[in-house]
Amino acid sequence: MITLLYFAGLKEKTGLEKEQIQFSGHQVKELVEFVQNKYENFSNSAVLVAVNEEYALPEDVLQVGDTVAFIPPVSGG
Amino acid sequence: MITLLYFAGLKEKTGLEKEQIQFSGHQVKELVEFVQNKYENFSNSAVLVAVNEEYALPEDVLQVGDTVAFIPPVSGG
Amino acid sequence: MKLFEITTAEIDPEKYRKAVLHASAGAVTVFTGHVREWTNGIQTVFLAYEAYIPMAEKKLAEIGDEIQEKWPHTKVAIAHRIGDLEISDIAVVIAVSSPHRKIAYEANEYAIERIKEIVPIWKKEIWENGQEWIGDQKQKPIIGGE
Amino acid sequence: MKLFEITTAEIDPEKYRKAVLHASAGAVTVFTGHVREWTNGIQTVFLAYEAYIPMAEKKLAEIGDEIQEKWPHTKVAIAHRIGDLEISDIAVVIAVSSPHRKIAYEANEYAIERIKEIVPIWKKEIWENGQEWIGDQKQKPIIGGE
């Protein structure tokens, strides 16, 4: 299982803060495609992905136990 | 009469914070020459002059009642 | 105290200034970002900030490391508040000490720029008749959005 | 409170931050200059500051005016302490608020540079075995010294 975290606008679109799915062995970009299909209008703008609290690349491969966060454009400060 | 004010190192050299002298009608640069003759080693470095709390030019003419401050290089901050 | 933190409490800037002060620090800059009432002619009622807390604190600490690498002899503390903030509340504080002043300014400004680039914190503006999550468009996409 | 002052009291930076804060201020920078223990390898025991008080306050206010002219919508407060100061004591505080952050940094740094140029304040360094009035050599002479 991997854990998915949604923040800010994405949390409102999915209606979820967190969910767990089977997705280990796949690439980050495949996961993004998966959630984009699962949730209508998932991202209107660029979304970054963090795996275990570090920004990940589209080709990174997911492991069992990973925590994946979908990070819409940040606006702190 | 005009009032002369000495600060920082100049106060130590003259041994005075303040004195009053007759000098109206003369230029600032003449006053500087006067105090340099009066006090040995008056200025080892550049000294500015303020008349009534504003920086003055060497050619400015002193008026009765003026307050003249001798301002060694500043070092605030 | 934590030098790099996400907090729900009101921010006291003096706490962070004191955290970076030491006998060789001649200059300290403390930047505070405040909730502004008017942005581009639109009146804000309040702001809501949200963060991915553990990652955000890690990224704030990374910014501190970057600064100490670029400008040795500096010391840095950063805090960002989350939750509902009202006009003039402090959203972020950045304290940087340095032996000399020029670097204290430069490093502090670097920190706020980096916060706006890499730290997972989001701001929602709430107006009289609506609300919106703000994205500053600085982030480079690594996955296709749209 | 006075926005531009010479004081013998300990400086509380928050007082000056609050003085420049208002509903349109999105960014505040507060610079504090502290007494440093080591300068060029020489250990300072304490510093003594002296000022030509009325002229110094006038010049600080002039710097505030210069800033508001160069950067409209800023608000500025500056205080400089005089008397005997110990290691880490605050000698000077500069608070600048602005709608946007870039100007808050720029204007604040401008203020400290101008203080070091035009404000009649002098610093004496006292070491274990001596003391000296410090001149920063920035001042242009209008009368011959030497």
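Here is how names work: the chains are called A, B, and so on, in the same order as the sequence lines, proteins then strands, and each is numbered from 1.
Ring centers of C:Trp122 and C:Tyr52: at least 6.0 Å apart, outside the cut-off.
Scanning both residues, C:Ala48 and C:Asp84, for their nearest heavy atoms gives CB-OD1, 3.5 Å.
The greatest number of non-hydrogen atom pairs below 4.5 Å with chain D, out of C:Pro99, C:Ala95, C:Ala91, C:Ser97, is found for C:Pro99. Most heavy-atom pairs under 4.5 Å with chain C, from the set D:Lys102, D:His22, D:Arg17, D:Glu14: that is D:Arg17. Ranked by heavy-atom pairs shorter than 4.5 Å toward chain C, the options D:Thr29, D:Asp12, D:Ile112, D:Thr32 are led by D:Thr32. Chain C forms the most heavy-atom pairs under 4.5 Å with one residue out of D:Gly26, D:Ala25, D:Gly33, and that residue is D:Gly26.
Between C:His80 and C:Tyr49, the ring planes lie perpendicular to each other; the angle is over 60°, past the 30° to 60° tilted range. The aromatic rings of D:Phe31 and C:Tyr105 sit parallel, their planes meeting at an angle under 30°, below the 60° perpendicular limit.
Both the backbone and the side chain of C:Ala27 come within less than 4.5 Å of a heavy atom of chain D.
Between D:Ile78 atom CD1 and D:Glu5 atom CD the span is 11.0 Å, to the nearest 0.5 Å.
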